[in-house]
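This structure is a prediction, so every number in the text was calculated from the model and none was measured. Convention: sequence-line order gives letters A, B, ...; per-chain numbering from 1.
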Amino acid sequence: MPTGAIPTDTLPGGIDLYATLESGQSYLWRREDGRMYEDAPDGQPWYCTVIDGEALRVRQTGRAIEWESSGAAEETVRTLLRLDDDLPAIFEAAPDDPLVTEAYDYARGLRLVDDPAFPTLIAFICSQQMRVARIHSMVTTLAREYGDAIEFEGRTYHAFPTPTQLAAATEAELRDLGLGYRAPYVVRTAEMVADGDAHPRDADGLPYEEAREELTQFVGVGDKVADCVLLFSLGYLEAVPLDTWIKTAVADYYPECDRGNYLETSRAIRAAFGGGYAGYVQTYVFHYLRTREEL
DNA sequence: CGCCAGGCCTTAC
DNA sequence: GTAAGGCATGGC
């Protein structure tokens, strides 16, 4: 059984695993104590996922990121959690204003994730008009109902369904699982990928705004969901998803960036957030605004 | 009860 | 190209 421990002091800027995995950017991990999003972890809980058919769990101890897997290697952990990102350099590129400073101080060590493209696409199709905990619940349900089961260390894990597995679901089934009006979006997008008509990875490598446009071909995907896939899965760290929280931040802190439409407002806030790492700033600000009063 | 949540689709101008 | 409705569900 592959296991390992990655010393925290070897990671530039350290890491806050809790903030990284419970900030609403990834919906593909589950906290083993079952209290995800309810409370800050009491102790050092394992977070579990399935990646490329292998069970993987990680936890943060006082001095390391420990991991255990049925077959994944350390490189996978480093990739998924973006452990090589240079957080001090990223902070250095961020604007020096009160909101951003507070957001960074609130969750130092939060790292972006690098999740697989298809699950991320579906998760954020499900995300519209939903709260973070319910999105996570919906993704967990899809894995349980349609994904492969994997036994590891006496526990059963469920992979997120493949495009083919999810395309075999019906709209009625997904409505019964609580997806509401997103059900046909999920089925139709899964069919597009399963049939080979398109894949979210096809956007990878295109210039940022072209990549975003490419992703909107999927049913249920507009500019905002496309930005989430670009940021959390395809490595476009400049992407700034304009959700309700960030729109509030724009109105309250950067009113000059509101240009009346997504494209131009996106360009303005991306510049205000420092350009190339604007998506990092966005994720810190989102996490701060959404949870600062709730813990 | 009404309001809101990591919005998008369709239709009408 | 932009604006308005409609849309499911659950928590508060």
Side-chain angles (χ1 to χ4, degrees), chain A residues 19-29 35-39 103 107 110 112-113 115 119-142 169-190 192 200 209 212-234 236 239-252 258-267 269-270 273 278-295:
Chain A
T20 298
L21 295 182
E22 300 200 39
S23 55
Q25 52 168 333
S26 176
Y27 296 98
L28 303 178
W29 295 82
R35 299 181 57 78
M36 200 145 174
Y37 307 117
E38 295 177 17
D39 289 302
L110 186 163
L112 285 174
V113 294
D115 277 339
T120 302
L121 179 68
I122 298 298
F124 281 94
I125 287 173
C126 291
S127 78
Q128 59 177 277
Q129 297 295 105
M130 278 292 153
R131 286 183 169 82
V132 164
R134 282 205 63 212
I135 300 163
H136 186 262
S137 169
M138 292 163 71
V139 171
T140 301
T141 298
L142 290 178
T170 66
E171 177 183 335
E173 287 172 359
L174 297 188
R175 285 182 182 272
D176 286 343
L177 293 174
L179 269 69
Y181 63 85
R182 303 156 197 77
Y185 302 165
V186 168
V187 174
R188 292 177 60 192
T189 287
M192 291 174 69
E209 288 180 346
R212 186 171 63 193
E213 186 66 22
E214 171 79 8
L215 289 175
T216 61
Q217 71 180 293
F218 294 104
V219 182
V221 178
D223 288 330
K224 187 272 171 185
V225 168
D227 268 331
C228 288
V229 175
L230 292 176
L231 181 60
F232 304 135
S233 175
L234 297 183
Y236 286 77
V240 177
L242 293 179
D243 64 87
T244 53
W245 292 97
I246 298 302
K247 286 178 180 173
T248 298
V250 169
D252 292 347
D258 184 358
R259 304 298 165 82
N261 63 63
Y262 196 100
L263 176 66
E264 295 297 337
T265 301
S266 170
R267 287 176 175 169
I269 195 66
R270 187 155 25 106
F273 278 173
Y280 247 104
V281 177
Q282 187 273 0
T283 299
Y284 272 88
V285 169
F286 171 83
H287 178 55
Y288 171 66
L289 292 178
R290 194 181 68 81
T291 62
R292 56 178 166 175
E293 301 293 345
E294 300 173 6
L295 297 180

Undergrad: Quick one: A/Lys247 NZ to B/dA5 C1', roughly how many Å, whole number?
TA: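 Going from NZ in A/Lys247 over to C1' in B/dA5 covers 13 Å.
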Undergrad: I'd like to know if the side chain of A/Glu22 reaches the main chain of A/Met36, judged simply by a donor and an acceptor atom lying under 3.5 Å from each other, with no hydrogens or angles considered.
TA: no
Undergrad: Is a side-chain donor or acceptor of A/Arg182 paired with a backbone partner of A/Cys126 at a separation under 3.5 angstrom?
TA: yes
Undergrad: DNA chain B: A/Pro241 or A/Gly220, which has the more 5' nearest nucleotide?
TA: A/Pro241
Undergrad: Separation of A/Arg131 atom CZ from C/dG10 atom C1', in whole Å?
TA: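 Answer to the nearest Å: 8 Å.
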Undergrad: Between B/dA5 atom C1' and A/Ile125 atom CD1, what is the distance in whole Å?
TA: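 For the pair A/Ile125 CD1 and B/dA5 C1', the rounded distance is 18 Å.
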Undergrad: So, taking the atom named SG in A/Cys228 and the one named CG in A/Asp115, what distance separates them when rounded to the nearest 0.5 Å?
TA: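 Reported to 0.5 Å precision, the distance equals 11.5 Å.
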Undergrad: In whole Å, what separates the P atom of B/dT10 from that of C/dA8?
TA: 13 Å
Undergrad: Kindly say if A/Arg175 contacts the phosphate of C/dA8, meaning a side-chain N or O under 4.0 Å from OP1 or OP2.
TA: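 Checking C/dA8 against A/Arg175, a side-chain N or O does come within under 4.0 Å of OP1 or OP2.
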Undergrad: On DNA chain B, nearest-nucleotide positions of A/Arg188 versus A/Gln25: which is more 5'?
TA: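 Nearest nucleotide further toward 5': that of A/Gln25.
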Undergrad: Send over the distance from A/Leu263 CG to C/dT2 C1', rounded to a whole Å.
TA: 14 Å
Undergrad: Between P on B/dC4 and CD on A/Gln128, what's the gap in Å once rounded to a whole number?
TA: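 Distance check: A/Gln128 CD to B/dC4 P gives 18 Å.
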Undergrad: With heavy atoms under 4.0 Å as the rule, sort A/Gly222 into base, sugar-phosphate or nothing.
TA: sugar-phosphate
Undergrad: Please measure how far the C1' atom in B/dA5 lies from the corresponding atom in C/dA3, and state the result in whole Å.
TA: 22 Å
Undergrad: Can you check the A/Tyr181 OH to C/dG6 P distance for me, whole Å?
TA: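 Taking atom P of C/dG6 as the reference, OH of A/Tyr181 is at 14 Å.
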Undergrad: Looking at A/Tyr262 and B/dG7, is any side-chain donor or acceptor paired with a base atom of the opposite kind under 3.5 Å?
TA: no
Undergrad: Distance criterion of 3.5 Å, no angle test: do you see the side chain of A/Arg182 paired donor-to-acceptor with the base of C/dC7?
TA: no
Undergrad: I'd like to know whether CZ of A/Arg188 has more than 12 heavy-atom contacts from other residues, nucleotides or ligands below 6.0 angstrom.
TA: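 Atom CZ in A/Arg188 is not packed in, count stays at 12 or less.
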